[in-house]
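This report refers to the structure that appears directly beneath it.
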Amino acid sequence: MKRRIFISYGLSALTGLSGPFSAVAQSLTDRMAMPPLICAHRGWIDPSGTENSLSQMHRTHQAGPFMMEIDLAKDKAGRIVLLHDQDVDRTTTGHGPIAKLSQEAVQKLHLKNTSGTTLEHIPAYSDVLDWAGSTPDALLMLDIKDVLPAEALKPVRLHKLSNRVVVLTFHEKQAREAFAADPEALVSVLIAKPEDIATYRKIAGARRFAAYVPQNSDPALFKAAHEAGVVVITDLLGPTAIVDAVSPKEGANRARTLPIDILVTNTPLKLQAALKKRL
């Protein structure tokens, strides 16, 4: 029931918007008795799909619903689109850096997947936010890459989606900018050692935040983040991030023994099945 509430009402159900998250943090035993929220990496059900595509996100959401991890980039005009790489070569019919392509040139490109060229184009970030805004249980994880936090979060606020997004940051300057850009969005910070938790707790003050804990970290780091009242995020991804290095079964085992709130995977359906069986 708690996870259903989380899906239905957004991130505020987990992070306690009415007060500091530490005041409503669950006990370690209770937390590990419930499955983590599954986040579909690049928005797909599995790597045979079309990454960062709106049609794939529709299908993945209908199969879950799952949180969607998406990658943001900017074209030559500064328009934000969904693209993982700096170049369009791997995932589209085009060539060259996205930052050097005009909006018109970008719109002519077709996305590719393992089966070949699709009829779909690179989606605009604004179109994805329109979809999320019209889909009450849609949750987004934003990998903003070279997009400034303020640029990524301003449209989130305009769409009234602040309590339904997680924005990933990977260094202190980026995290500070994300905290300042939106007082309600859940900011995820990279936690590599226990001291990082205290550093970001001081920066965040009383507001909620999330800790992205690398998958191979000491279990004590996961527990320290949980005990600090932080939303714990980790992943099953491999070195290229296109496939998982950790099997769904092992991912479910980790979720049973570690306090994980959000678990990112390239195979959300398989992980969902493993979690149901294990937990």
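Between His58 and Trp131, the two ring planes are perpendicular [angle over 60°; tilted spans 30° to 60°].
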Does the pair Ile38 and Leu263 meet the rule for a side chain to side chain contact (heavy atoms under 4.5 Å, CB included), with working shown?
-> CA-CA 5 Å; Ile38 298 172; Leu263 186 54; 5.6 Å; no

Step by step, would you call Val264 with Ile233 a side chain to side chain contact (heavy atoms under 4.5 Å, CB included)?
-> CA-CA 8 Å; Val264 184; Ile233 304 174; 4.3 Å; yes

Begin with the C-alpha distance, continue with both residues' side-chain angles, and end with the deciding distance and a verdict on side chain to side chain contact (heavy atoms under 4.5 Å, CB included) for Val156 and Leu142.
-> CA-CA 10 Å; Val156 166; Leu142 309 178; 4.1 Å; yes

Just do the side chain to side chain contact (heavy atoms under 4.5 Å, CB included) check on His121 and His110 with the steps written out, would you?
-> CA-CA 5 Å; His121 302 277; His110 288 269; 3.5 Å; yes

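Between Leu82 and Ser53 there is no side-chain heavy-atom pair separated by less than 4.5 Å. Looking at Pro183 and Arg157, their side chains come closer than 4.5 Å, going by heavy atoms from C-beta outward. Residues Gln174 and Val167 form no side-chain contact, since every pair of their non-hydrogen atoms from C-beta on lies 4.5 Å or further apart. Within the 4.5 Å cutoff, the side chain of Pro194 has heavy atoms near those of the Leu221 side chain.
The CD1 atom of Ile144 lies 11.5 Å from the CD1 atom of Ile70; values are rounded to the nearest 0.5 Å. Rounding to the nearest 0.5 angstrom, the gap separating the NZ atom in Lys223 from the CG atom in Asp218 is 9.0 Å. Note that the CG atom of Leu258 and the CZ atom of Arg256 stand 11.5 Å from one another [nearest 0.5 Å]. How far CD1 of Ile262 is from CG of Leu139: 8.5 Å, rounded to the nearest 0.5 Å. Atoms CD and CG, on Glu120 and Asn52 in that order, are 10.5 Å from each other to the nearest 0.5 Å. The CZ atom of Phe209 lies 9.5 Å from the CG atom of Leu186; values are rounded to the nearest 0.5 Å.
With a 6.0 Å radius and a threshold of 12 heavy atoms from other residues, nucleotides or ligands, Lys74 has its NZ atom above the threshold. Within 6.0 Å of CD on Glu250 lie more than 12 heavy atoms contributed by other residues, nucleotides or ligands.
Scanning both residues, Ala178 and Thr169, for their nearest heavy atoms gives CB-CG2, 3.9 Å. Between Ala175 and Val187, the shortest heavy-atom distance links the atoms O-CG1, 4.4 Å. Across Leu54 and Pro123, no two heavy atoms sit closer than the pair N-CG, 4.2 Å. For the residue pair Leu140 and Ala132, the shortest heavy atom distance occurs at CD1-CB, 4.0 Å. Closest of all the heavy-atom pairs between Ala252 and Leu275 is CA-CD2, 3.7 Å. Annotation for Gly49 and Trp44: closest pair O-CE3, 3.6 Å, computed over non-hydrogen atoms.
The side-chain hydrogen bond (donor to acceptor under 3.5 Å, both in side chains) test applied to Lys154 returns no partner, not counting sequence neighbours. Considering only residues two or more places apart in sequence or on other chains, Thr50 meets the side-chain hydrogen bond (donor to acceptor under 3.5 Å, both in side chains) condition with Asn113.
There is a side-chain donor-acceptor pair under 3.5 Å between Gln215 and Asp235.
Here Lys145 pairs with Asp71 in a salt bridge; the nearest charged N to carboxylate O distance falls below 4.0 Å.
Residue Ile98 belongs to a hydrophobic cluster whose other members are Val81, Leu83, Val88, Leu101, Val106, Leu109, Leu111, Ile122, with links defined by side-chain heavy atoms closer than 4.5 Å.
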Enumerate donor-acceptor pairs with a distance under 3.5 Å from any side-chain N or O in residues 61-69 to protein atoms, sequence neighbours excluded.
from  : atom 1 : to     : atom 2 : distance (Å)
His61 : NE2    : Asp137 : OD1    : 2.8
Glu69 : OE1    : Arg42  : N      : 2.8

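Counting only residues at least two apart or in different chains, ring-ring contact (aromatic ring centres under 6.0 Å, His included) contacts with residues 149-206 are absent. Identified under the side chain to side chain donor-acceptor pair (under 3.5 Å) test for residues 87-97, with sequence neighbours left out: Glu51-Arg90, Asp85-Arg90, Asp89-His95.
Between Leu237 and the choices Val243, Asp244, Val246, Thr265, the side-chain contact (heavy atoms from CB on, under 4.5 Å) rule is met once, by Asp244.
Put simply, the side chain of Asn266 gets close to the backbone of Ala241: a donor and an acceptor are under 3.5 Å apart. Looking at Tyr125, its side chain does come within 3.5 Å of a backbone N or O of Ala152 through a donor-acceptor pair.
Linking ILVMFWY residues whenever their side-chain heavy atoms come closer than 4.5 Å, directly or via other members, leaves Ile242 and Met141 in distinct clusters.
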